[in-house]
Amino acid sequence: MREPIIVLKEVSKAYGATPVLRRCSTAVAAGEVVVVCGPSGSGKSTLIKCINGLEPFQSGSITVEGVEVGAKGTDLPRLRMRIGMVFQHFELYPHMTALENVMLAQVHALRRSRSEARERGRELLDRVGLAEKADAMPANLSGGQQQRVAIARALALDPRAMLFDEPTSALDPATISEVLDVLVELAREGMTMMVVTHEMGFARRVADRVIFMDQGEIVEDSRKEAFFSNPASERAKLFLSKILFH
Amino acid sequence: MSYEFDWAPIWEARALILAGLATTVMLSAASLVLASIIGVIVGTAASSHRLAFRVGAGVTVEVTRNVPLLIHMYVWYVALAFLRLPPFWCGVLGLSVYSGAYVAEIVRGGIASVPDGQGKAALATGLTPFQTFFVVIYPQAFRIVAPSLANVFSQLIKDSSLASAIAVMELTYVAGAVEGQSFRTFEIYITVCGLYLLLVTIVTLALRFFSGAREQAPAMELASA
Ligand SMILES: Nc1ncnc2c1ncn2[C@@H]1O[C@H](COP(=O)(O)OP(=O)(O)OP(=O)(O)O)[C@@H](O)[C@H]1O
Ligand SMILES: [Mg+2]
């Protein structure tokens with residue numbers, strides 16, 4: 001077993017009296033690709049936002065490379081530099097060019113020089129196939145292009161792991177594949193990834209494991225093959241039948 | 001009966017008028033800077049997720065805005081009498097605190113208009129909350145609220161005339177003095193009106209320029225300076 005990068009133990013969270021995460025436990029090893037799926041409102045986004053401390057949780061523990069996310073003294077900015085995050089709605093900074101989006105955290109968080117950040121930024125834009133869009137403003141890019149810039153922005157910090165929250169669900173079908181291709185390549189290169197998605201084709205191709213959530217609970221956490229051929233729970237069976245054959 | 005304009009006494013008092021103009025410019029500029037600082041701090045507190053900050057900021061803004069500016073001037077003048085602060089700085093304090101409350105409301109609105117995900121995205125890349133505000137949230141909010149800010153700032157310039165009530169020798173105070181000596185009422189007030197108009201126009205154009213310039217120019221050069 002490779003060493004785990006992300007470890008969740010009995011993580012629970014509630015908004016007021018409404019529980020959104022119930023005793024969630026799992027671990028993600030270096031190089032592993034874990035797909036998280038489940039019905040709307042099941043807590044998938046909340047779960048991955050807890051991992052980099054964007055959402056607080058009330059009990060249990062999360063560690064990233066041994067560092068306790070919820071502990072008082074934890075240097076969250078430093079921890080977050082080591083986990084890239086990609087959002088459903090891209091969240092590019094609209095007042096900056098694509099390249100500046102990719103440079104910003106390198107300069108302010110990693111304290112790289114501007115020229116170094118620019119060089120690395122261009123390299124990454126090239127890698128996601130957008131070298132010629134470096135000076136474009138986000139508003140002038142398609143959804144698929146914006147999401148690829150957002151991926152480059154996250155990669156610019158040389159993270160040890162990447163979190164994706166439905167990276168393709170705000171895209172029109174024609175551009176979904178251009179973003180998935182980038183994800184597949186990342187996975188092939190050995191990036192540790194946790195991906196919330198309903199793209200089961202993607203899951204079949206690159207996932208090592210699938211986590212299925214329902215009502216704040218991790219209902220299944222199994223090898224990809226086992227999950228698709230023989231899900232253990234009725235809820236997962238029902239969910240799969242709905243999204244695979246609709 | 002027709003009024004005969006006579007501008008000669010105004011010209012003779014030019015040194016005094018210019019000194020008044022200079023005082024108005026400095027009074028307004030100092031207050032504008034201080035009001036912006038107060039406004040950003042209080043407006044940011046008002047957008048905090050912490051209830052105590054929101055309540056504190058809300059109460060501050062309401063109380064400050066509901067006291068007439070002239071009273072603000074007197075209060076600072078009297079309250080700081082023991083410090084022997086020059087009237088000029090009492091005027092700056094009165095104006096900044098009063099206008100700062102209006103700036104705070106605008107800042108709060110500006111921050112609210114920036115989508116929540118922007119801050120989350122910035123934090124997720126390891127920026128500190130402070131950096132997140134300065135390079136991601138404020139620049140976006142600024143472009144949205146620039147027209148409202150221009151209104152408050154031109155109001156501030158006009159409001160600075162109330163400092164004459166606490167004997168700050170700014171433009172309005174000087175106008176009164178020149179009128180008292182020369183009795184050229186229309187001439188002096190026309191002159192003063194023109195000067196106020198000029199100041200307000202400069203500030204409005206400057207803000208329009210800065211908020212527009214960011215749209216074209218790479219914004220990070222400014223942000224990371
Ligand atoms: N700020 C909030 N206040 C109260 N409840 C919230 C808040 N944010 C999320 N929730 C609730 O928490 C639950 C989990 O939300 P979450 O966004 O994690 O679900 P999800 O699995 O990502 O759903 P989706 O597939 O729609 O993105 C939902 O029931 C949601 O209504
Ligand atoms: Mg979600």
Side-chain angles (χ1 to χ4, degrees), chain A residues 45 48-49 51-56 75-111 113-114 117-118 121 134-135 137-139 149-150 152-159 162-163 165 170, chain B residues 40 47-54 107 109-149 207-225:
Chain A
S45 299
I48 69 164
K49 283 185 187 136
I51 293 173
N52 64 357
L54 283 182
E55 288 279 355
D75 183 349
L76 277 178
R78 198 187 176 83
L79 182 141
R80 286 169 182 151
M81 282 180 230
R82 283 181 283 154
I83 343 173
M85 184 159 200
V86 173
F87 300 82
Q88 181 173 3
H89 297 287
F90 333 131
E91 304 299 349
L92 291 184
Y93 313 128
H95 57 305
M96 298 177 190
T97 65
L99 180 60
E100 287 169 345
N101 265 275
V102 182
M103 287 169 64
L104 187 78
Q106 297 185 62
V107 172
H108 290 280
L110 285 186
R111 305 244 164 244
S113 73
R114 295 186 58 80
R118 187 175 295 112
D135 297 320
M137 299 304 274
V149 173
R153 174 175 71 180
L155 290 175
L157 296 155
D158 303 320
M162 291 275 285
L163 307 172
D165 189 3
Chain B
V40 168
S47 347
S48 167
H49 58 264
R50 288 196 209 167
L51 185 64
F53 282 12
R54 285 206 303 277
V107 169
I111 292 174
S113 68
V114 177
D116 206 37
Q118 288 287 307
K120 286 224 157 74
L123 290 173
T125 54
L127 296 194
T128 62
F130 195 75
Q131 290 171 328
T132 298
F133 272 111
F134 277 88
V135 297
V136 173
I137 296 179
Y138 292 149
Q140 292 183 54
F142 177 70
R143 291 189 309 163
I144 294 165
V145 304
S148 320
L149 273 186
L207 259 175
R208 194 175 301 163
F209 173 77
F210 281 121
S211 61
R214 277 170 180 249
E215 243 146 84
Q216 286 124 31
M220 218 172 67
E221 308 291 338
L222 291 163
S224 62

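The structure displayed is predicted, hence computed values, not measured ones. Note on naming: letters A, B, ... go to the chains in the order of the sequence lines (proteins, then strands), and numbering restarts at 1 for each one.
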>> Taking every non-hydrogen pair under 4.5 Å, which of T128(B), V136(B), V114(B) racks up the most with chain A?
In response: V136(B)
> With ring centroids as reference points, do F134(B) and Y138(B) lie under 6.0 angstrom apart?
Replying inline: yes
> Does any N or O in the side chain of E91(A) come within less than 3.5 Å of the main-chain N or O of A121(B), such that one atom is a donor and the other an acceptor?
Replying inline: no
> Side chain, backbone, both or neither: which part of F87(A) has a non-hydrogen atom closer than 4.5 Å to chain B?
Replying inline: side chain
> Of all heavy-atom pairs between K49(A) and D165(A), which one has the smallest distance, and what is that distance?
Replying inline: NZ-OD2, 4.3 Å
>> Please classify the contact between Q118(B) and chain A as side chain, backbone, both or neither, with a heavy-atom cut-off of under 4.5 Å.
In response: both
>> What's the separation between atom CG in L149(B) and atom CZ in R208(B), rounded to the nearest 0.5 Å?
In response: 13.5 Å
> So what's closer than 4.5 Å to chain B heavy atoms on L54(A): side chain, backbone, both or neither?
Replying inline: both
>> Which one wins on heavy-atom pair count under 4.5 Å against chain B: L163(A), L92(A), L99(A)?
In response: L92(A)
> Rounded to the nearest 0.5 Å, how far apart are OG1 of T132(B) and CD1 of I137(B)?
Replying inline: 6.5 Å
> Can you say whether I83(A) sits under 4.5 Å from chain B via the side chain, the backbone, both, or neither, judging by heavy atoms?
Replying inline: backbone
>> Test your reading of the model: is there a side-chain donor-acceptor pair from R80(A) to the backbone of A124(B), 3.5 Å cut-off?
In response: no
>> Looking only at heavy atoms and a cut-off of under 4.5 Å, which of A150(A), P77(A), A154(A) has the most pairs with chain B?
In response: P77(A)
